[in-house]
Protein chains: 2
Amino acid sequence: MPAKIQPEHHNASSAGTMPGNRARNKLLREQQLLQLAQNILQQDGFAGLTMDRLTAASEVSKGTIYNHFCSKEDLITALSVDSLQRQLLLFHQVLALPGHSRERALALHYAYYRFSTAEPTLFLCLLSATTAAVVEKTSATRLAQRQALEQQLLSCCEQVINQAIADKALQLQAGRGIDQLTYLQWALAFGANALYGPSQQMGFFQGLEQQQLMLAGINLLLDGLDWTPLSGQFDYQQSWRRIAAALPQTQAAQ
Amino acid sequence: MPAKIQPEHHNASSAGTMPGNRARNKLLREQQLLQLAQNILQQDGFAGLTMDRLTAASEVSKGTIYNHFCSKEDLITALSVDSLQRQLLLFHQVLALPGHSRERALALHYAYYRFSTAEPTLFLCLLSATTAAVVEKTSATRLAQRQALEQQLLSCCEQVINQAIADKALQLQAGRGIDQLTYLQWALAFGANALYGPSQQMGFFQGLEQQQLMLAGINLLLDGLDWTPLSGQFDYQQSWRRIAAALPQTQAAQ
DNA sequence: TGATTATTATGACGATTCGTCAATTTAATC
DNA sequence: GATTAAATTGACGAATCGTCATAATAATCA
């Protein structure tokens, strides 16, 4: 198959001298459409999300919707981009909190956890958006958007690790890079959230109190890295609660 | 929605006194159909897997196929059951190898890793099969099959932990149960494999050598649990290689 | 302002795929 | 060999995706 390129559906940025009115409206409507799509998704799940249904819910026609999203998959990716933006916002919020480097790492874990539980639907969206079937039918610009956001999220993580090294709270062993540390932590966070989280994935771990467990896992990992202060010397439960309290509370995702 | 129950499509086990010929044939054909479905999946991805296509590839008609799988989603779940069986087989194989308890835990991690890389398509299947959209349209018997297999996999993990406790290689801290240890390890393994693994999920961690990294992560976690011998006192790279060599080699995924 | 051109919106339509079911073939039983 | 039970078939209806000729709207120019 000769890798059919998805049409671009000229977004705001392109043709230079638009009087600006059109472009603004277009962006606005795109936001509205995404919001409608999310409502449908939360109400009736993935199976319920239909282009015709979205058309009915909106005030425009199907053709117009296809002017914004070149396929249903492109819409999914657009939702995932939206999710990543929220996630990044959370990251920035918790990074603005005071605390030493390891507390900030913990804060990122908390933000990730918070997002996955507060917005289980969007978390699922992020997963599906990485599927080959979806990627293949997504426009190049949107894929680029997602990649850029992923990069920014990673930057947040690396920034914390760099701070830890600068503060001498953490020492990199030979052959172990910042990217590896990021990877391991991300894997643990992702796995823990995905396994427990939305739509009772992997139904077998249900009775456990996830927050305590995640904190324990993070502590094991970071203690293993000798990231000071170690969990024996510091009350990270307290930190966790403080971070939780500092974030604008959501209505406890069910 | 009043939770529509999926029809059962009387499998082998049901009505007692069948002359056995029919039932055997039915099971056989089911295996063949699953194999065909896997071929299609590996060749053309999820988008390519169509009931009509499967019909064409097989030598029976669509109606007959729907006699085996009450929906496309039921087929997906059937594939995931198949995957879990293979995974369980791998677990049993590595558990038959010699070694102390921590090496056996490592062996399970290796088996999981091996499966996810050798059969990326099936690994994906396992993921999608946990999706609400799929579960809702899957027959009850097949769901039960999957649950039973999951339970068996968990048993393997718990068995290793129990052995470790019996051998005094590991001591459970207060308030930390075997299920929690299993959960943490599973989360790390799942996350690491899903992030890196099939269909370049989460494309941002590409350049790393996954095996070294996984081993490092596992060691951090198990060292944190004080599971002896600690990674400083034992060459787990050696163990990893030995386990890898002991498994019947697959033709390096892709 | 009125005429011309470029852009955007519309929804009927073709194509694809899922799942069903009345009719038929095949196997089991008497 | 006749009768009954079970399994198979493939044409069909329904749902959904994505397209495109036509219509409406906005921008530009005389």
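Just so it is clear: chains get the letters A, B, ... in the order the sequence lines come, proteins before strands, and each one is counted from 1.
The distance between atom CG of Asp52(A) and atom P of dA12(C), rounded to the nearest whole Å, is 12 Å. Rounded to whole angstrom, the span from the CD1 atom of Ile65(A) across to the C1' atom of dT16(D) amounts to 14 Å. Nucleotide dA15(D) holds its C1' atom 10 Å from the NZ atom of Lys137(B), rounded to whole Å. Distance CD1 (Ile76(A)) to P (dC17(D)): 10 Å, rounded to an integer number of Å. Between the C1' atom of dG19(C) and the CD atom of Glu73(B) lies a distance of 11 Å, rounded to the nearest Å. Per the geometry, CZ belonging to Phe69(B) stands 15 Å off P belonging to dT20(C), to the nearest Å. Separating the CG atom of Asn67(A) from the P atom of dC20(D) is a distance of 13 Å, rounded to the nearest angstrom. Straight-line distance from the NZ atom of Lys26(A) to the P atom of dT25(D): 18 Å, rounded to whole Å.
In the set dC18(C), dG18(D), dG11(C), the nucleotide with an atom closest to the side chain of Tyr66(A) is dG18(D). Checked against dT9(D), dC17(D), dG19(C), the side chain of Val60(B) finds its nearest nucleotide in dT9(D).
In terms of phosphate contacts, Thr64(B) brings no side-chain nitrogen or oxygen within less than 4.0 Å of OP1 or OP2 of dA7(D). The phosphate of dC18(C) (OP1 or OP2) has no side-chain N or O of Arg53(B) nearer than 4.0 angstrom. Proximity of Lys72(B) to the phosphate of dC18(C): a side-chain N or O atom is located under 4.0 Å from OP1 or OP2.
Tyr112(A) and Gln87(A) are not linked by any side-chain donor-acceptor pair at a separation below 3.5 angstrom, with hydrogens and angles left out of the test. The closest side-chain donor-acceptor pair between Gln38(B) and Asp82(B) falls under 3.5 angstrom. A donor-acceptor pair shorter than 3.5 Å cannot be found between the side chains of Gln43(A) and Asn39(A).
Within 4.0 Å of Ser71(A), counting heavy atoms only, lie sugar-phosphate atoms of the nucleic acid but no base atom.
Summary of the strand contacts: Lys62(A) and Gly63(B) both lie near DNA chain D, and taking for each the nucleotide with the nearest heavy atom, the more 5' one is attributed to Gly63(B).
Of all non-hydrogen atoms in Leu41(B) and Leu49(B), the two that sit nearest each other are CD1-CD2, 3.6 Å.
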Practice problem: Just do the salt bridge (charged side-chain N to carboxylate O under 4.0 Å, His left out) check on Glu150(B) and Arg146(B) with the steps written out, would you? | Solution: CA-CA 6 Å; Glu150(B) 283 174 347; Arg146(B) 198 185 65 185; 3.7 Å; yes
